[in-house]
Amino acid sequence: MTDSRTPQASEALAVFNHTGSAPDCFELHEHGVVSRQGDTRTYTAFADIQDLCLFASGPDATAGLIDNFAYRTRAADGWTLVSGDVGEFSKLMDAFRSRYVAQRLPVLEETIADGGSVAFRYVRGGVFPDLQTQELALSAEGLHIDGATWPYESLKRIDLNHWAETVSLQDEQGKTVFSCLATRILSSDLFVNLVYDRLGRTAEYA
């Protein structure tokens, strides 16, 4: 669907063509991405994307090599899949993630500053797109998980040295509060940035 928000194809910073199933083309724009299937062009602003899922499939799945990503604006919506069949997939994924963080992160920071909380989901089981997820949240008060709140001042340890593999948070007694493979956290780039912003100045690094 093309509406007043959808930029013209000629305005795209880059166009990435799909060699397999639909969508058959992705247009990367400054503030969003257009997925195109035939004559239908659907625009999604980076600032509106709630979930970004990075995952591996096929023979490289066990090695953890990311060869697919998908995005959606609400948990109730369907995913738009970007598979490794897209030409210059790595270039598209890197540019997508960079612009997504730059434009979605301020939205979440403002929500927290205004007294709200932002929810994240992490995968507990299942195979894309049938994922079994659990929710956690970040607010000005701290990390909310499993019905408990962990104030930021109680989280004295954060292991981000190898965050591309595992994100691990510990309290001041050394107890692990949360640990998960980064690729199992939806929108992990945003989660890591928000946690780092809150703990970066006082955290101890493993």
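For reference, positions follow the sequence shown, starting with 1.
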Search all heavy atoms of Leu186 against all heavy atoms of Trp79 and return the closest pair with its distance. CD1-CH2, 4.2 Å
Rounded to the nearest 0.5 Å, what separates atom CG in Leu169 from atom NZ in Lys175? 13.5 Å
Quick one: closest heavy-atom pair of Ser117 and Ser139, and the distance? CB-CB, 3.8 Å
Nearest 0.5 Å, what's the CD1-CG distance between Ile185 and Leu136? 7.5 Å
With rounding to the nearest 0.5 Å, note down the distance linking OG1 in Thr6 to CZ in Arg36. 12.5 Å
May I ask you to test the Tyr71-Asp48 pair for a side-chain heavy-atom distance under 4.5 Å? no
Under a 4.5 Å cut-off applied to non-hydrogen side-chain atoms, are Ser179 and Thr166 in contact? yes
Check whether any side-chain N or O of Ser83 sits under 3.5 Å from a backbone N or O of Asp85 as a donor-acceptor pair, and report yes or no. yes
Given 3.5 Å as the limit, does a donor-acceptor pair link the side chain of Ser154 with the main chain of Pro151, or not? yes
For Phe120 together with Phe191, are the ring centres under 6.0 Å from each other? yes
Restricting to non-hydrogen atoms, name the atom on Cys53 and the atom on Leu131 that form the minimum distance, rounded to 0.1 Å. SG-CD1, 4.1 Å
Heavy-atom distance under 4.5 Å between the side chains of Leu92 and Val86, does that happen here? yes
Where the side chain of Glu135 meets the backbone of Tyr122, is there a donor-acceptor pair that is under 3.5 Å apart? no
Could you check whether any side-chain heavy atom of Val195 comes within less than 4.5 Å of a side-chain heavy atom of Asn193, counting everything from C-beta outward? no
Could you tell me whether the side chain of Arg104 and the main chain of Ile49 form a donor-acceptor pair under 3.5 Å? yes
Is the shortest heavy-atom distance from the side chain of Met93 to the side chain of Val82 under 4.5 Å? no
Side chain of Asp130, backbone of Gly126: donor and acceptor closer than 3.5 Å? no
Please name the pair of heavy atoms, one in Arg41 and one in Val34, separated by the smallest distance, quoted to 0.1 Å. CB-CG1, 3.7 Å
Mind listing the closest non-hydrogen atom pair of Leu54 and Ser188 along with its distance? CD1-OG, 4.5 Å
Got a second to check how far Phe55's CZ is from Arg184's CZ, nearest 0.5 Å? 11.5 Å
Report the C-alpha separation of Phe69 and Phe89 in whole Å, then their side-chain angles, then the decisive distance to 0.1 Å, and conclude whether the side-chain contact (heavy atoms from CB on, under 4.5 Å) test is met. CA-CA 10 Å; Phe69 71 90; Phe89 172 81; 3.7 Å; yes
Leu190/Val101 under side-chain contact (heavy atoms from CB on, under 4.5 Å): CA gap, chis, key distance, verdict: CA-CA 6 Å; Leu190 295 176; Val101 170; 4.3 Å; yes
Determine, using ring centers only, whether Phe46 and Phe96 are less than 6.0 Å apart. yes
Can Arg72 and Asp51 be counted as an ion pair, charged N to O under 4.0 angstrom? yes
Donor-acceptor contact present, side-chain Asp171 to main-chain Thr176, <3.5 Å: no
Could you tell me which non-hydrogen atom of Ser35 sits nearest to which non-hydrogen atom of Phe26, and how far apart they are? CB-CE2, 3.6 Å
Nearest 0.5 Å please: distance from the CG atom of Leu138 over to the CG atom of Asp197. 10.5 Å
From CD1 (Ile66) to OG (Ser57), nearest 0.5 Å: 11.5 Å
Centroid separation Phe178 to Trp150 less than 6.0 Å: no
Are any non-hydrogen side-chain atoms of Asn17 and Asp24 less than 4.5 angstrom apart? no
We want to know whether Gln50 and Arg121 form a side-chain donor-acceptor pair, criterion being a heavy-atom distance below 3.5 angstrom. yes
Step-by-step side-chain hydrogen bond (donor to acceptor under 3.5 Å, both in side chains) determination, Arg124 to Gln134: CA-CA 7 Å; Arg124 300 298 300 269; Gln134 187 166 337; 2.3 Å; yes
Determine whether Arg99 and His31 make a side-chain contact, defined as any pair of heavy atoms from C-beta on separated by less than 4.5 Å. no
Taking only distance into account, with no hydrogens and no angle test, what donor-acceptor pairs under 3.5 Å do side-chain atoms of residues 105-116 form with protein atoms, sequence neighbours excluded?
{"from": "Thr111", "atom 1": "OG1", "to": "Val107", "atom 2": "O", "distance (Å)": "3.0"}

Pairwise side-chain contact, His29 with Gln8, heavy-atom cut-off 4.5 Å (strictly under): no
